[in-house]
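Everything numeric in this text was worked out from a predicted model, so none of it was measured. Only this structure's heavy atoms are used, side chains among them; waters, hydrogens and symmetry mates stay out.
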Amino acid sequence: MSFRGSSYHNIDAKGRVIIPARFKEPLKNGDRPGVMVTNFDGGLVAYTFEEWEKVEEKILSQAKKDDDLRLFRRFFIGNATECFCDRQDRILIPPPLREYAGLVKEIVLVGVVDHFEIWSRDNWKTEQDRYEQSNKTIEFKEKIGDIGL
């Protein structure tokens, strides 16, 4: 079960997002077809319910020891919402999450293996530009080299 690749879509006026065909299977793999969606880094992250439980466990175990992680937990878990697939394989993104991520019309879904991200087209362009700038630094290239690429 994994998410890979990017897809450009439109979010409709009600806040519904079409799930790309290659993302559908992992979402329908459990009892409840859908994802947990929350805000992160100016976009949204979407985890299958099974994967979300693992994420919560990690955060909860670490947040007991650290003030910054307790703050993160409050924001990340506190804004998480169950988004179920409808008959047309769409999920409804609630208004507060749409507002946080700037989702108005043009969006990008980006698979990052264990979850996927939902970005406004403008914020995704900014993120790509940030990557291109980072990619030029020696420190960045060394980090990539450290993982064997």
Side-chain angles (χ1 to χ4, degrees), residues 1-27 29 33-60 62-63 66-85 88-149:
M1 172 170 60
S2 60
F3 302 101
R4 289 183 179 83
S6 300
S7 299
Y8 291 81
H9 299 275
N10 288 323
I11 188 168
D12 71 15
K14 294 181 181 179
R16 295 175 298 198
V17 174
I18 294 173
I19 301 299
R22 68 183 176 285
F23 289 2
K24 289 177 188 176
E25 187 61 35
L27 301 189
N29 222 356
V35 289
M36 288 296 292
V37 178
T38 192
N39 39 6
F40 189 67
D41 279 350
L44 303 178
V45 291
Y47 290 88
T48 63
F49 295 120
E50 180 182 328
E51 200 62 37
W52 179 255
E53 289 175 10
K54 296 175 190 175
V55 169
E56 277 188 345
E57 286 177 24
K58 288 178 193 175
I59 293 170
L60 293 175
Q62 295 299 311
D66 187 285
D67 288 340
D68 288 336
L69 287 176
R70 278 194 294 279
L71 180 61
F72 173 75
R73 173 186 66 189
R74 194 171 296 127
F75 184 70
F76 189 77
I77 295 176
N79 288 311
T81 303
E82 292 179 332
C83 297
F84 296 100
C85 293
Q88 286 81 36
D89 291 319
R90 300 173 300 190
I91 57 171
L92 176 65
I93 307 294
L97 291 176
R98 290 195 314 259
E99 184 178 329
Y100 170 84
L103 304 180
V104 179
K105 184 162 175 94
E106 296 180 325
I107 64 168
V108 184
L109 276 63
V110 181
V112 286
V113 184
D114 65 339
H115 68 282
F116 64 91
E117 300 176 350
I118 306 168
W119 294 87
S120 72
R121 176 91 54 113
D122 291 341
N123 288 352
W124 180 241
K125 173 72 172 114
T126 300
E127 194 71 2
Q128 286 178 311
D129 292 344
R130 191 171 78 121
Y131 167 75
E132 290 300 326
Q133 289 304 309
S134 294
N135 193 28
K136 294 176 184 174
T137 67
I138 290 174
E139 295 86 8
F140 190 88
K141 289 180 181 194
E142 286 175 350
K143 287 179 186 180
I144 301 302
D146 287 347
I147 62 171
L149 298 177

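- Note: I19 CD1 to L109 CG = 6.0 Å, rounded to the nearest 0.5 Å.
- A ring-centre distance under 6.0 Å is found for Y131 and F140.
- Nearest heavy-atom pair, G102 versus S120, reported as atom, atom and distance to 0.1 Å: O-CB, 3.3 Å.
- Residues N135 and K141 share a closest heavy-atom pair of O-CE, 2.9 Å.
- Side-chain atoms of D89 and F23, non-hydrogen and from C-beta on, never get closer than 4.5 Å to each other.
- With hydrogens and angles disregarded, a donor-acceptor distance shorter than 3.5 Å links the side chain of N123 to the backbone of A101.
- Ionic pairing of K54 and E51 is present here: one or more N-O contacts between side-chain nitrogen and carboxylate oxygen are shorter than 4.0 angstrom.
- Using modelled atom types, one side-chain atom of T38 and one backbone atom of F76 make a donor-acceptor pair closer than 3.5 Å.
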Might you work through the side chain to side chain contact (heavy atoms under 4.5 Å, CB included) test for D129 and K125, ending with a clear yes or no?
-> CA-CA 6 Å; D129 292 344; K125 173 72 172 114; 2.7 Å; yes
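- Rounding to the nearest 0.5 angstrom, the gap separating the CG atom in N10 from the CZ atom in R121 is 7.5 Å.
- One finds the OH atom of Y100 at 8.0 Å from the CZ atom of F40 (value rounded to the nearest 0.5 Å).
- In this structure, L69 places its CG atom where more than 12 heavy-atom neighbours from other residues, nucleotides or ligands lie under 6.0 Å away.
- Across N79 and L97, no two heavy atoms sit closer than the pair O-CD2, 3.7 Å.
- Atom-to-atom distance recorded for W124:CH2 and E106:CD is 15.0 Å, nearest 0.5 angstrom.
- With values rounded to the nearest 0.5 angstrom, I107 atom CD1 is found 7.5 Å from I93 atom CD1.
- The main-chain N or O of D122 is found under 3.5 Å from a side-chain atom of T126 such that the two form a donor-acceptor pair.
- Summarising the geometry, atom CZ belonging to F3 is positioned 8.5 Å from atom CG belonging to D114; distances are rounded to the nearest 0.5 Å.
- Counting non-hydrogen atoms of other residues, nucleotides and ligands closer than 6.0 Å to CD of Q128 gives a total above 12.
- The two residues E117 and V45 make their nearest non-hydrogen contact at CG-CG1, 4.0 Å.
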For the pair D12 and R90, evaluate side chain to side chain contact (heavy atoms under 4.5 Å, CB included) and give the outcome as yes or no after the intermediate values.
-> CA-CA 10 Å; D12 71 15; R90 300 173 300 190; 4.2 Å; yes
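- The two residues V37 and A46 make their nearest non-hydrogen contact at CG2-CB, 3.9 Å.
- Counting only heavy atoms from C-beta outward, the side chains of P33 and L27 never approach each other to under 4.5 Å.
- In this structure, C85 and K24 have side chains that are not in contact, with every pair of non-hydrogen atoms separated by 4.5 Å or more.
- When all heavy atoms of R22 and R4 are compared, the closest pair comes out as NE-O, 2.9 Å.
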Checking side chain to side chain contact (heavy atoms under 4.5 Å, CB included) for the pair L103/V17: CA distance, chi angles, key distance, verdict?
-> CA-CA 10 Å; L103 304 180; V17 174; 5.6 Å; no
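- Judged as a side-chain contact (heavy atoms from CB on, under 4.5 Å), and not counting sequence neighbours, the contacts of R73 are I59, L60, A63, R70, I77.
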